[in-house]
Amino acid sequence: MRKLHHIGLLIALVCLATGVARAQSFRVQCPTSTITHPVAANNNSEPAYAGPTYSGTTGYPAAPARVNGAIKCQQISGGDGFATMGDGTQTYMFSFGPLSGLANIANGQPGTEPPSVFNTVYVGSALLPGDPATTVDGGGTFSYNGAVGLAPETYTDASGNPVTAINGHVDPRPIEDVGVMNGNIPAPLMAIDEDDEFFLTLTNVGMIMRPDLFEQHTVHFHGYPNASAFYDGVPDASVAINIGGSFTYYYLAPDAGTYFWHCHITPPEHLQMGMVGQLYVRPRQNRVPVNGSLYAALQQQQLDPRTACNSATDILCSNPLPIPSNTVPRAATGKYAYNDGDGSTYYDVEYPLQIHGFDPSFHFVGMTFNPEQFTDMKDKYFLLNGRSYPDTVTPGPLETQSTDGANHFAQPLPSIINIPAGQKALLRISDLDVTEYQTLASLGIPMNVIAINAKLLRDQAGNNLNYNTNSITLAGGESIDVILDATDTTKYPSGSVFYLYTPNLDHLSNDAENFGGLMTEVRIN
């Protein structure tokens, strides 16, 4: 009887484990309309900004008088993968990978999509491990930017009629095919606009190289303002996503700036292993009609209590009004990094630059089931957008063959800076290093620093505090926005090449070898 009892207990435990596994599921969420964006047809593009949607102190009205922003969605995987360093060494990573916007991410663009794109069901031959690298290498093209695995679901309505709809149901097979071993460094790029509602789905596909680890993952938007604790990604105060599960984070974007995001499960380990990426929020000022007054538009923003800036009472406000010396119209081309009211953050092209470092020994023991030496952690590879020189000046995505035998776009984001002659470039620089301070120097073109840690450099009296420098230094967890001004074609003629590099000589290397590390080129073309 005791043996039968033990056998019965074992069967019960196996059934319980199976039930728990089945209880978890992959889902995605991208609504076409919400309370603040009630008309589905209007939520796929950014309307011109004419004034605040929200001007009260209680809940949103059922029918907002003025709707701004749109709905944006993105799906990412939590898992592992490999990346190739500048000296050819393959490095194992814990990492996030793309499960939506695949074509855009492969082209160095954000993977954030409106509902009309995100909710598009994939049609064609089955997605393969490594896509889009697999398809492109096979001689084909890849243009799909919808949510991987998204599948219509048929159900019966109240009248008994069958209805087919997109409601977040997914097929796990393509998610596993694409998501496993498909980690990116940097993690997938995200970009939203002020007033957008952002739905970000994290799907934990597991780490195939470490089947002994049942690692949870989260998304923490570092430095992002007004985040609900429930969606903040700190597991003590919110939720963590198990293998086989999905969770959708929600953010309402009120403040422009350059931020970054990372996993908040054992952060020193998961950040060192590569689970870090960049997020930036574009300002409302980009949506001011051409020739409209930038100053008047910023005055309108002061009517929105979420972004109002009363210099007499709020010393932390992010967008104080400038000194109204003149009225600057919205330019016909280009964009703005912040709601400046005077055009001082104007740029023509933008480049996100994520600084990061790898300790190869830490990554090696992380793959070989050995204990990780946290106190001895020392970076020896230094990366711009996941690349060391000379890979930093290689255009397009970099491929790495993984243990599944397929090539993956492990490092999709280029770090070479191309500025059209006579124009300005915005560099969104963030340091996501765990162990080091990092310094970048610009040789030839001064860096005009306009914001630090997503805050416009302006005092409460309206004076601009932006400054020119040839060198910036960041600690881990900091961001700086700088503009490279190449409008003087006499100084910066077409064909000129300048360098952005670190003067810390031990960071100009690939694992103690010469010619690598934090260096890239600025090309005027």
Side-chain angles (χ1 to χ4, degrees), residues 107-109 258 278 280 282-283 285-286 290 294 326 328-338 340 342-355 383-385 387-396 413-431 438-452 456-458 464-474 479-505 507-508 515-525:
N107 289 322
Q109 301 170 341
T258 298
Q278 197 177 80
Y280 54 87
R282 307 180 188 100
Q285 188 165 294
N286 284 338
V290 173
L294 299 182
N326 62 333
V328 179
R330 169 67 166 99
T333 59
K335 296 181 180 179
Y336 303 91
Y338 288 84
D340 52 56
D342 60 2
S344 57
T345 66
Y346 173 90
Y347 67 91
D348 297 286
V349 293
E350 67 183 334
Y351 291 94
L353 286 178
Q354 175 179 304
I355 305 173
L383 314 173
L384 287 172
N385 289 346
R387 309 180 185 204
S388 295
Y389 187 84
D391 289 344
T392 53
V393 296
T394 301
L413 193 59
S415 50
I416 189 169
I417 299 164
N418 292 298
I419 307 178
Q423 295 190 5
K424 296 181 178 182
L426 170 67
L427 306 186
R428 297 182 179 272
I429 305 172
S430 57
D431 180 13
Q438 301 286 4
T439 299
L440 280 181
S442 177
L443 197 62
I445 304 181
M447 293 184 282
N448 182 241
V449 180
I450 60 171
I452 297 177
L456 183 66
L457 289 181
R458 176 176 291 162
N464 284 333
L465 303 179
N466 57 313
Y467 61 95
N468 288 335
T469 183
N470 287 318
S471 176
I472 57 171
T473 298
L474 300 87
S479 69
I480 291 182
D481 295 297
V482 305
I483 290 177
L484 300 182
D485 187 348
T487 53
D488 188 339
T489 55
T490 303
K491 290 183 179 179
Y492 313 113
S494 181
S496 302
V497 178
F498 303 92
Y499 286 90
L500 188 69
Y501 71 104
T502 179
N504 298 334
L505 297 183
H507 293 187
L508 279 174
F515 308 111
L518 295 180
M519 183 165 67
T520 189
E521 295 179 2
V522 179
R523 299 176 180 176
I524 312 298
N525 52 49

Would a 4.5 Å heavy-atom cut-off, applied to side chains only, mark I355 and I429 as touching?
yes
Quick one: do L443 and Y501 satisfy side chain to side chain contact (heavy atoms under 4.5 Å, CB included)? Show the steps, please.
CA-CA 8 Å; L443 197 62; Y501 71 104; 4.0 Å; yes
Can you confirm whether L500 sits close enough to L427 that some side-chain heavy atom of one is under 4.5 Å from a side-chain heavy atom of the other?
yes
Can you give me every donor-acceptor pair (side chain of residues 481-488, partner residue at least two apart or in another chain, under 3.5 Å) with its distance?
from, atom 1, to, atom 2, distance (Å)
D481, OD1, T258, OG1, 2.6
D481, OD2, Y338, OH, 2.5
D485, OD1, T487, N, 2.9
D485, OD1, T487, OG1, 2.6
D488, OD1, T490, N, 3.0
D488, OD1, K491, N, 3.4

Any side-chain heavy atom of I472 sitting closer than 4.5 Å to one from M447?
yes
Closest approach of I417 and L353, non-hydrogen atoms and distance?
CD1-CD1, 4.0 Å
Begin from the C-alpha positions of I450 and Y467 and carry the test side chain to side chain contact (heavy atoms under 4.5 Å, CB included) through to its verdict.
CA-CA 7 Å; I450 60 171; Y467 61 95; over 6 Å; no
Closest heavy-atom pair and its distance - G108, P414
CA-CD, 4.1 Å
Quick one: does N418's side chain have a donor or acceptor within less than 3.5 Å of a partner on N525's backbone?
no
4.5 Å side-chain heavy-atom contact, I419 and V522
yes
Between T502 and T439: side-chain donor-acceptor atoms closer than 3.5 Å
no
Counting only N and O atoms by type, is there a donor-acceptor contact under 3.5 Å from the side chain of D348 to the main-chain atoms of Q423?
no
Taking C-beta and beyond as the side chain, do R282 and Y336 meet within less than 4.5 Å on heavy atoms?
no
Dump the intermediate steps for side chain to side chain donor-acceptor pair (under 3.5 Å) on Q354 and S430, then the final yes or no.
CA-CA 5 Å; Q354 175 179 304; S430 57; 5.0 Å; no
Tell me whether T392 contacts the main-chain N or O of R387 through its side chain, where contact means a donor paired with an acceptor under 3.5 Å.
no
Please check: side-chain N/O of N464 versus main-chain N/O of N466, any donor-acceptor pairing under 3.5 Å?
no
Just do the side chain to side chain contact (heavy atoms under 4.5 Å, CB included) check on I445 and I524 with the steps written out, would you?
CA-CA 11 Å; I445 304 181; I524 312 298; 4.1 Å; yes
If you measure from the Lys or Arg side-chain nitrogens to the Asp or Glu carboxylate oxygens, is any gap between R428 and E350 under 4.0 Å?
yes
Heavy-atom side-chain proximity of S344 to R458 below 4.5 angstrom
yes
Any idea which heavy atoms bring I480 and T473 closest together, and the distance?
CD1-O, 4.3 Å
With no hydrogens and no angle check, is any side-chain donor or acceptor of N504 less than 3.5 Å from a backbone partner on H507?
no
Do F498 and Y492 have their ring centres less than 6.0 Å from each other?
yes
With no hydrogens and no angle check, is any side-chain donor or acceptor of N468 less than 3.5 Å from a backbone partner on P446?
no
Residues in side chain to side chain donor-acceptor pair (under 3.5 Å) contact with N470, at least two apart in sequence or another chain:
none
Between L413 and P352, is there a side-chain heavy-atom distance shorter than 4.5 Å?
yes
